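Working notes, beginning with the structure itself.
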Amino acid sequence: ILDGRLPPGSRLPSSRLLARELDVSRNTVLSAFDMLASEGYTEAETGSATRVSSVLPEALQIPTHMDRQPTIPRTPPRLSELVHARTRPTPGYAAEIIPFHVSAPDLSHFPFRVWSRLLSRFWRHPPQDLLISGDPAGYRPLRQAIAAYLRAFRSVECDEQQVIITTGAQQALTFAAQVLLNPGDRVWLENPGYPGLQHAITGTGAVGVPVGLDEEGLDIEAGRAIAPDARVVAVTPSHHYPTGVTMSLARRLALLDWAAETDGWIIEDDYDSEFRYAGRPLSALQGLDRRGHVIYAGTFSKVMFPALRVGYLVVPSNVVDAFLAVRRAIDDHPPIAVQPALAAFLEGGHFASHVRRMRGLYAERREALVDSLERHFQGMLTPVPSEAGMHLCAMFSAEYENRITDKEMVAIARQNGINVTALSEFYLAEPTTQGLMLGFAGFTPDVLNSAVQQLARALETA
């Protein structure tokens with residue numbers, strides 16, 4: 001009470017409970033309660049709980065713990081190099097879902113009624129063995145459903161034995177890096193590229209080597225020249241993050257040739273390939289691999305809802321045991337809570353139906369954003385052609401680059417309640433282009449158009 005940890009009005013435990021917890025006589029507790037009441041600390045009415053007095057004696061009005069300044073260490077805490085490497089904010093991160101949040105799906109169209117029914121059906125009478133221990137690879141029916149889905153829709157060659165469930169794509173990428181890399185190993189990283197891949201690689205002590213891209217994707221020959229001794233290549237071939245470029249078939253085959261020649265590994269992050277708006281969905285790089293050099297990572301969080309936190313790895317058969325050993329060392333097995341429902345969601349065709357529905361909706365929003373940018377920026381900000389994903393990039397014209405940087409534009413936008421992301425933030429080396437990342441999936445055409453107009457006005461004023 002003196003410290004303020006029990007503020008006025010707080011209810012005290014019953015005398016019986018307190019006596020049992022402290023292992024003392026109840027009479028001892030009652031005597032203490034009587035002393036508190038007689039001195040004005042507490043008050044109680046017959047038949048009701050004892051509470052801290054609403055008005056404390058004047059003598060007790062001393063500074064509370066809220067007024068006391070904690071002792072601050074004179075030297076900074078000793079932490080790992082990994083912590084210091086990750087203190088830079090993740091580009092584009094914002095807790096508030098406002099235009100143009102990059103990773104926001106439209107949740108109003110998700111079939112939550114179906115999802116809640118599937119959750120309830122399983123947890124009404126769950127198998128007892130699943131409540132005691134879990135498979136380190138994940139719930140077997142879910143792994144079977146994922147393998148069937150990937151074979152049908154992504155041309156991934158796998159069976160359920162090769163599928164490992166993770167708590168999101170980031171854990172999948174981290175597992176892969178920990179299994180494949182030693183401190184000091186060199187890794188080709190797309191430049192610009194996805195920070196999550198960069199963090200997974202550098203967290204092992206490996207060295208990320210930035211390799212540029214062109215209209216066909218990662219420049220394989222440049223990578224060979226810059227780091228011929230690289231052990232791993234980390235790529236987003238189906239829809240490059242952040243620019244949206246799709247790696248050509250020739251480059252995919254060249255990358256597989258590199259892996260075969262060097263006995264290297266390829267980490268393929270296939271984060272949002274379900275949303276392709278023109279032509280057939282491209283086959284995954286893993287489906288072209290005949291020598292077992294590709295580690296394939298995917299997620300359900302972008303397609304369904306971000307808080308789901310379910311991802312997966314597909315690994316070659318000869319390294320499954322190594323990956324499961326790392327999984328056991330980190331967290332034993334993935335949480336079982338949503339896995340059975342997700343398996344039923346996939347097996348029942350609900351996932352495929354949801355993807356088809358959202359693909360049409362997102363295509364309409366993508367076109368609305370492109371049209372609005374072309375009308376209101378008139379060539380000053382040019383959308384990059386991209387036929388997939390939930391965001392697009394818009395590049396500065398030469399005139400714009402001479403007048404403002406993309407980071408300055410981000411600051412102006414956020415002052416006006418708009419969340420855009422600077423493309424230059426994603427470069428490992430000196431940025432070579434200026435532009436913006438604009439998410440469109442979570443916003444209606446009217447909202448997107450209004451936000452583009454607001455951004456244009458703010459920049460004109462600035």
Side-chain angles (χ1 to χ4, degrees), residues 150-151 154-158 162 172-173 176-177 179-181 185-194 196-198 200-201 206-273 276 278-298 313-319 384-389 393 426-429 432-433:
L150 292 175
R151 287 194 300 267
R154 299 295 299 126
S155 298
V156 170
E157 297 291 334
C158 69
Q162 297 172 252
L173 299 172
V179 173
L180 303 178
L181 290 165
D185 284 344
R186 302 230 286 171
V187 181
W188 295 359
L189 291 175
E190 294 171 322
N191 188 44
Y194 175 50
L197 267 172
Q198 299 167 11
I201 298 302
V207 179
V209 178
V211 179
L213 300 95
D214 57 24
E215 65 278 1
E216 291 190 70
L218 187 73
D219 189 337
I220 311 300
E221 292 307 313
R224 286 178 180 272
I226 297 168
D229 59 340
R231 180 177 173 81
V232 170
V233 176
V235 288
T236 52
S238 295
H239 183 235
H240 173 251
Y241 195 96
T243 66
V245 170
T246 298
M247 185 181 287
S248 68
L249 177 60
R251 289 285 174 85
R252 292 170 188 240
L253 295 175
L255 186 55
L256 291 170
D257 287 342
W258 167 87
E261 292 170 16
T262 63
D263 198 26
W265 292 99
I266 301 167
I267 299 176
E268 178 181 11
D269 181 8
D270 202 26
Y271 64 98
D272 67 356
S273 59
R276 187 163 187 83
R280 285 190 60 199
L282 294 175
S283 299
L285 180 64
Q286 192 271 2
L288 300 171
D289 179 25
R290 295 293 178 266
R291 300 182 181 92
H293 289 284
V294 176
I295 308 296
Y296 179 90
L313 283 169
V314 177
V315 304
S317 300
N318 61 339
V319 293
V384 176
S386 176
E387 301 298 339
C393 279
F426 293 88
Y427 279 86
L428 286 169
T432 58
T433 56

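These numbers were taken from a predicted model, which means no experiment stands behind them. Just so it is clear, the values below take in all heavy atoms, side chains as well, and ignore hydrogens, waters and symmetry mates.
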Closest contact, heavy atoms only, Ala284 versus Val156: CB-CG2, 3.8 Å

Side-chain donor or acceptor of Thr236 paired with backbone N/O of Tyr241 under 3.5 Å: yes

Gly217 backbone acceptor or donor facing Arg251 side chain under 3.5 Å: yes

Atom of Pro210, atom of Ile226 and distance for their closest heavy-atom approach: O-CD1, 4.0 Å

Exercise: identify the closest heavy-atom pair between Pro192 and Leu213: O-CD1, 3.8 Å

Atom pair CD1/CG of Ile201 and Leu189 - distance to nearest 0.5 Å: 6.0 Å

Main-chain N/O of Glu157 paired with Gln286 side-chain donor or acceptor, under 3.5 Å: yes

Minimum side-chain heavy-atom gap Arg252-Thr246 below 4.5 Å: yes

Ring geometry between Tyr271 and Tyr194 (parallel below 30°, tilted from 30 to 60°, perpendicular above 60°): parallel

Nearest-0.5 Å distance, CG of residue Leu288 to CG of residue Leu255: 10.5 Å

Flag, side chain of Trp188 to backbone of Ala227, donor-acceptor distance under 3.5 Å: yes

Test item: His293 side-chain N/O and Ile266 main-chain N/O as donor-acceptor pair under 3.5 Å: no

Side chain proximity check, Trp265 to Val319, heavy atoms < 4.5 angstrom: yes

Pair Arg154 + Glu268, salt bridge at N-O below 4.0 Å: no

Min side-chain heavy-atom separation Pro237-Asp270 under 4.5 Å: no

For the student: nearest non-hydrogen atoms of Trp258 and Gly264, plus distance: CH2-CA, 4.0 Å

Atom pair CG/CG of Leu256 and Asp289 - distance to nearest 0.5 Å: 5.5 Å

Any donor-acceptor N/O pair, Asp219 side chain to Gly212 backbone, under 3.5 Å: no

Pairwise distance OG(Ser238) to CG(Leu285) - rounded to 0.5 angstrom: 8.0 Å

N/O donor-acceptor pair under 3.5 Å between Arg231 side chain and Leu181 backbone: no

Heavy-atom pair of closest approach, residues Ser155 and Ser283: OG-OG, 3.3 Å

Donor-acceptor pair, side chain of His240 and main chain of Leu218, under 3.5 angstrom: no

Reported SG-to-CZ distance for the pair Cys158 and Arg151, which is rounded to 0.5 angstrom: 6.0 Å

Which residues share a side-chain hydrogen bond (donor to acceptor under 3.5 Å, both in side chains) with Asp257, sequence neighbours left out: none

Residue pair Ala297 / Leu313: nearest heavy atoms and the distance that separates them: CB-CD2, 3.9 Å

Any Ile267 side-chain heavy atom under 4.5 Å of Leu180 side chain: yes

Gap between atom NE2 of His239 and atom CG of Asp269 - 0.5 Å precision: 12.0 Å

